[in-house]
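A short worksheet on the structure shown next.
For reference, positions follow the sequence shown, starting with 1.
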Amino acid sequence: MARLEQRLSEAFGQNGWRATGLGAPTDTDTLQRKIDHLEQQVAELRDQLSEREEDLRASRATNRELMTQLNSTSR
């Protein structure tokens with residue numbers, strides 16, 4: 001019985017400790033590596049987006065030129 005009480009006390013104590021945010025310290029090195037990785041991904045995605053926006057602008061310009069040529073030859 002005492003063993004059960006001790007185990008319950010430990011379990012409730014650990015849950016309470018975690019619930020208050022006072023639990024074991026977070027591994028800051030792991031979190032920093034994750035942040036660095038995510039920042040790198042963001043930078044890469046921004047570069048990709050920029051390239052696609054440039055492609056889209058070029059495609060629209062070409063489309064306008066072609067439409068202008070088509071409209072001028074059909075008159």
Side-chain angles (χ1 to χ4, degrees):
M1 183 74 167
R3 223 176 192 187
L4 178 58
E5 288 176 356
Q6 181 181 356
R7 289 176 70 193
L8 285 173
S9 176
E10 289 172 1
F12 287 134
Q14 288 174 1
N15 289 337
W17 190 253
R18 279 192 294 264
T20 63
L22 300 173
T26 305
D27 184 1
T28 55
D29 290 336
T30 300
L31 291 176
Q32 188 59 51
R33 282 193 301 274
K34 181 70 173 176
I35 289 169
D36 293 343
H37 175 73
L38 292 172
E39 286 175 343
Q40 180 64 35
Q41 279 185 314
V42 167
E44 290 170 3
L45 290 171
R46 283 186 176 146
D47 289 344
Q48 289 176 11
L49 179 59
S50 179
E51 290 174 14
R52 289 183 180 161
E53 286 173 340
E54 289 176 25
D55 290 345
L56 182 57
R57 278 191 292 275
S59 296
R60 286 177 173 162
T62 301
N63 188 40
R64 280 191 299 274
E65 291 172 17
L66 291 173
M67 291 303 292
T68 300
Q69 289 176 8
L70 181 63
N71 288 334
S72 66
T73 59
S74 63
R75 292 180 190 199

Check whether Asn71 reaches the backbone of Met67 with its side chain - one donor and one acceptor, N or O, closer than 3.5 Å.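 Flag set: sc Asn71 to bb Met67 pair under 3.5 Å.
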Find the distance between CD (Gln40) and NE2 (His37) and round it off to the nearest 0.5 Å.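 Interatomic distance, Gln40 CD to His37 NE2, rounded to 0.5 Å: 9.0 Å.
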Give, for atom CZ of Arg33 and atom CG of Asp27, the distance between the pair rounded to the nearest 0.5 Å.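 Output value for this atom pair is 6.5 Å.
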Thr73 to Leu70 - nearest heavy-atom pair and separation: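 Of all heavy-atom pairs spanning Thr73 and Leu70, the closest is OG1-O, 3.1 Å.
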Validation row: Thr68, Glu65 side chains within 4.5 angstrom (heavy atoms):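 No, their side chains stay 4.5 Å or more apart.
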Let me know which of Asp55, Leu49, Leu56 forms a side-chain contact (heavy atoms from CB on, under 4.5 Å) with Glu53.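 Testing each of Asp55, Leu49, Leu56 against Glu53, the sole residue satisfying side-chain contact (heavy atoms from CB on, under 4.5 Å) is Leu49.
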